[in-house]
Each structure stands twice: as C-alpha cells, then as structure tokens.
Colleague: 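I'd like to ask some things about the structure below.
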Amino acid sequence: DVASLHVTTPWQRLVLLAIVVSALFGACTRRMSRTGNDEVVVLIEAVAQNFDPRYTSTNNDAKISRLIAPGLTAVDTENLQPRMELAESVTPVDPLTWDVIVRDDVRFSDGTPVTAEDVAWTYLSVIKKGSDSPYQKNLAERFSSIEVRGPRTVRFHLVAPLATFLSDLDFGIVAKHAALPDDHFANGTPVGAGPYRLGAHNLQRIELVANEFASGDMKPRLPRVTIKIVVDAAARALMLAGGSADVVLNGVRLDLLDDV
C-alpha cells in the first residue's frame, strides 16, 4: 500500500513519488514487480556505512539516518520552514537561550521514551573537545552549552543569536543509554526514534525494519525497506525494468530511459 508509507522527510517524499511513478509506468508496460508486498526495494549508487546522525559523511548516510533517528525539528515543508518533529515546542527565553520540550509520545526503537537527557547528550557528545564527529566544529561554534531542565525540557545556550536555530535542530537524536562508553553504538547500529530501526546491513544491502514502538505520525505501515547498493547505472535500470526493485534514487542515465 503505497499510501501507507510513512512520509516526513524530503527523501521519503521522493521514495513515495518514485513508487507511484514506477507503479503507473509499470502498469503501462506490463512490468511485473518481483519484490514483496510488505516491502519497498530501493537502489542507491554508492555505499552507505554511517547511520548514526552524529557521524554521517555522505548524502546516502544522511538520508538513511533520518529514517532511523529524526531530529527535534524537520525541514521538509514546501517553503522549507522547520516544523516540530521530536519536539513538542521550541521557545525563546532570550536571544541567546532557547527551551525545547520533547514530545511525550515518542519512543526509541527499544521501547524507551525519548528524554531531555538523550537530547542533551546527543549534542554534547558532538560538541565536546576530542569528539570525532565531523559536525563538532560546526555545532561547537553555535552552542556554548546545553542543559537538562526537566525530564522533557532541554535548554540550549547559544554563542551568538542564531537565525537558523530552528533549522539547526534538524539533527538526529539517539539514545544515550544504548551507547557504548566511547559514545558510539555497537556494530554501528544507532538507536533512534524514527519510523524504522536498522536491521542487517553490509556493503551491498541495508535492511530497515519498522520501529514497533513508533506511534502517531511516526508509525510506518510498511514493515520493511530494503536498500541495495548497485554501483552500475545500467544494472540499476535493468533491475527496475525487471521488477526486482521499486525505486532508483539519484536517477538513471538518460540513454537508459528507453530500457526502463
């Protein structure tokens, strides 16, 4: 059921559009799908390896990460104005201070609630001295400190007034209690509160499984997303045409369109 795919990010909207176009195109060409009815198979052109939002290094990393660990806000609206995601509200205290209240209905994929402690830890693990996150410098230049003010309330202290503060909260939140002492996750498998959790994955295939604890607007009805890494454009086109894939991200070469 294409309409039941959870859609919140630009990538998810692209996936949904691609599924619809593929279905319509396939109906016209008698294309038979050989993928399961309970999953969508997505083809990407390059390896994705870092799914923890604090360590993503490529576009594919970031796109997949947002399905696993969304941020306090999301910038996926038509006018690119941020909207609330894991946050219930974001309120300015003064030009250098903002309070964020976390929603009370969001759960990590292990069933535990998302707390202010998780939010503060996620950001602090990035901005602290010695952090190996590629976002360390960027976030440290924006936030002077982040403090927990209550079970669901986080206070952000800015280095200087920041017009993009709401957009900057579009940074994936992960579970503090599930991390190792070095702030990383075992086997590179982050625990987030998105519609999906990371399943089996290697350099050729990534399985995303529905987060059974997701609810409301976070709950997906599609049980599984399978992402396959296929470097060759012609091979991706053949898989799409043959029905062994539903979506190709980042396009197909123009000279191969007639074959699809």
Side-chain angles (χ1 to χ4, degrees), residues 1-26 31-53 56 58-71 74 76 85-86 106-111 172-174 185 187-231 235-237 239-252:
D1 182 356
V2 172
S4 65
L5 180 63
H6 180 79
V7 179
T8 59
T9 69
W11 183 67
Q12 290 168 297
R13 288 182 175 180
L14 178 59
V15 169
L16 180 61
L17 177 61
I19 294 173
V20 173
V21 171
S22 177
L24 292 175
F25 195 84
R31 174 181 173 273
M32 296 297 292
S33 174
R34 292 188 283 120
T35 61
N37 293 329
D38 63 344
E39 70 172 337
V40 60
V41 176
V42 181
L43 305 182
I44 59 177
E45 83 294 349
V47 172
Q49 300 185 73
N50 300 308
F51 309 111
D52 185 329
T56 57
T58 68
N59 285 335
N60 285 332
D61 287 351
K63 291 169 183 175
I64 296 170
S65 173
R66 292 186 188 284
L67 292 173
I68 301 167
D76 59 3
E85 184 75 299
L86 298 183
V106 286
R107 297 287 184 274
F108 288 118
S109 57
D110 63 359
I173 302 301
V174 287
F185 289 92
N187 302 316
T189 305
V191 175
Y196 293 94
R197 61 177 175 82
L198 184 62
H201 59 283
N202 53 42
L203 297 181
Q204 289 79 42
R205 183 187 183 99
I206 302 159
E207 299 284 347
L208 299 181
V209 183
N211 174 6
E212 62 180 305
F213 298 101
S215 61
D217 60 344
M218 283 290 176
K219 186 177 181 63
R221 297 180 185 175
L222 193 65
R224 187 168 68 254
V225 175
T226 299
I227 301 167
K228 297 181 179 180
I229 295 86
V230 181
V231 176
R236 294 197 300 272
M239 291 177 69
L240 184 63
S244 57
D246 301 299
V247 180
V248 175
L249 291 187
N250 299 324
V252 175

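Scope of the values below: all heavy atoms of this structure, side chains included, with no hydrogens, waters or symmetry mates.
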Colleague: What verdict does the side-chain contact (heavy atoms from CB on, under 4.5 Å) test give for Arg107 and Met218, after you've listed the backbone C-alpha separation in whole Å, the side-chain angles of each residue and the deciding distance to 0.1 Å?
Modeller: CA-CA 9 Å; Arg107 297 287 184 274; Met218 283 290 176; over 6 Å; no

Colleague: Quick one: pull up OH in Tyr196 and CG in Leu67 and give me the separation to the nearest 0.5 Å.
Modeller: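 Reported value, rounded in 0.5 Å steps: 7.5 Å.
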
Colleague: Calculate, to the nearest 0.5 Å, the distance between atoms CG and CZ belonging to Leu86 and Phe108 respectively.
Modeller: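 Going from the CG atom of Leu86 to the CZ atom of Phe108 covers 7.5 Å.
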
Colleague: Find out whether Thr226 and Val42 are in side-chain contact, i.e. whether some heavy atom of one side chain is under 4.5 Å from a heavy atom of the other.
Modeller: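 No; the side chains remain at least 4.5 Å from each other.
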
Colleague: The criterion is side chain to side chain contact (heavy atoms under 4.5 Å, CB included); which residues satisfy it with Asp52, sequence neighbours excluded?
Modeller: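 Checked Asp52 against side chain to side chain contact (heavy atoms under 4.5 Å, CB included); matches are Arg54, Tyr55, Val174, Phe185, Pro190.
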
Colleague: Can you confirm whether Asn187 is buried at CG, in the sense that more than 12 heavy atoms of other residues, nucleotides or ligands lie under 6.0 Å from that atom?
Modeller: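 It does not: Asn187 CG has 12 such atoms or fewer within range.
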
Colleague: Decide side-chain contact (heavy atoms from CB on, under 4.5 Å) for Lys228 and Val41; before the verdict, give the C-alpha distance in whole Å, the side-chain angles of both, and the deciding distance to 0.1 Å.
Modeller: CA-CA 7 Å; Lys228 297 181 179 180; Val41 176; 4.0 Å; yes

Colleague: Contact between Val247 and Leu43 at the side-chain level, heavy atoms closer than 4.5 Å - yes or no?
Modeller: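 No - every pair of side-chain heavy atoms lies 4.5 Å or more apart.
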
Colleague: Please name the pair of heavy atoms, one in Ala210 and one in Pro220, separated by the smallest distance, quoted to 0.1 Å.
Modeller: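 Between these two residues, the closest heavy atoms are CB-CG, 3.9 Å.
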
Colleague: Restricting to non-hydrogen atoms, name the atom on Gly194 and the atom on Ala214 that form the minimum distance, rounded to 0.1 Å.
Modeller: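 Distance-wise, the nearest heavy atoms are O-CB, 4.3 Å.
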
Colleague: In chain order, what residues pass the salt bridge (charged side-chain N to carboxylate O under 4.0 Å, His left out) check against Glu207, with sequence neighbours excluded?
Modeller: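 Salt bridge (charged side-chain N to carboxylate O under 4.0 Å, His left out) list for Glu207, sorted by chain: Arg205, Arg224.
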
Colleague: Using modelled atom types and a 3.5 Å cut-off, is there a donor and acceptor pairing between side-chain atoms of Arg197 and backbone atoms of Val209?
Modeller: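 Not confirmed, Arg197 side chain does not pair with Val209 backbone.
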
Colleague: For Val191, is there any backbone N or O sitting under 3.5 Å from a side-chain donor or acceptor partner on Ser109?
Modeller: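 No; judged by distance alone, with no hydrogens or angles, the pair does not exist.
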
Colleague: Taking ring pair (Phe, Tyr, Trp, His ring centres under 6.0 Å) as the test, write out the residues that go with Phe51, two or more places apart.
Modeller: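 By the ring pair (Phe, Tyr, Trp, His ring centres under 6.0 Å) rule, Phe51 matches His201.
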
Colleague: Would you give the length of the straight line joining atom CD1 of Ile227 to atom CD1 of Ile64, rounded to the nearest 0.5 angstrom?
Modeller: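 Answer rounded to 0.5 Å: 3.5 Å.
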
Colleague: Please list, chain by chain and in numerical order, all residues satisfying side chain to side chain contact (heavy atoms under 4.5 Å, CB included) with Thr56, sequence neighbours excluded.
Modeller: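 Partners of Thr56 by the side chain to side chain contact (heavy atoms under 4.5 Å, CB included) criterion, ordered by chain and then number, come out as Asp61, Ala62, Ser65, Tyr135.
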
Colleague: Tell me the closest heavy-atom pair linking Asn211 and Gly192, and the distance in Å.
Modeller: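 That closest heavy-atom pairing would be ND2-O, 4.5 Å.
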
Colleague: Pair Leu203, Ile229 - check side-chain contact (heavy atoms from CB on, under 4.5 Å), show working.
Modeller: CA-CA 7 Å; Leu203 297 181; Ile229 295 86; over 6 Å; no

Colleague: At what distance, to the nearest 0.5 angstrom, does CG of Leu208 lie from CD of Glu39?
Modeller: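 With rounding to 0.5 Å, CG (Leu208) is 11.0 Å from CD (Glu39).
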
Colleague: Measuring from Met239:CE to Asp246:CG, what's the distance to the nearest 0.5 Å?
Modeller: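 Answer for the CE-CG pair, Met239 versus Asp246, is 10.0 Å.
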
Colleague: Under the rule for side chain to side chain contact (heavy atoms under 4.5 Å, CB included), what residues qualify as partners of Asn59, not counting sequence neighbours?
Modeller: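 Expected list: Lys63.
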
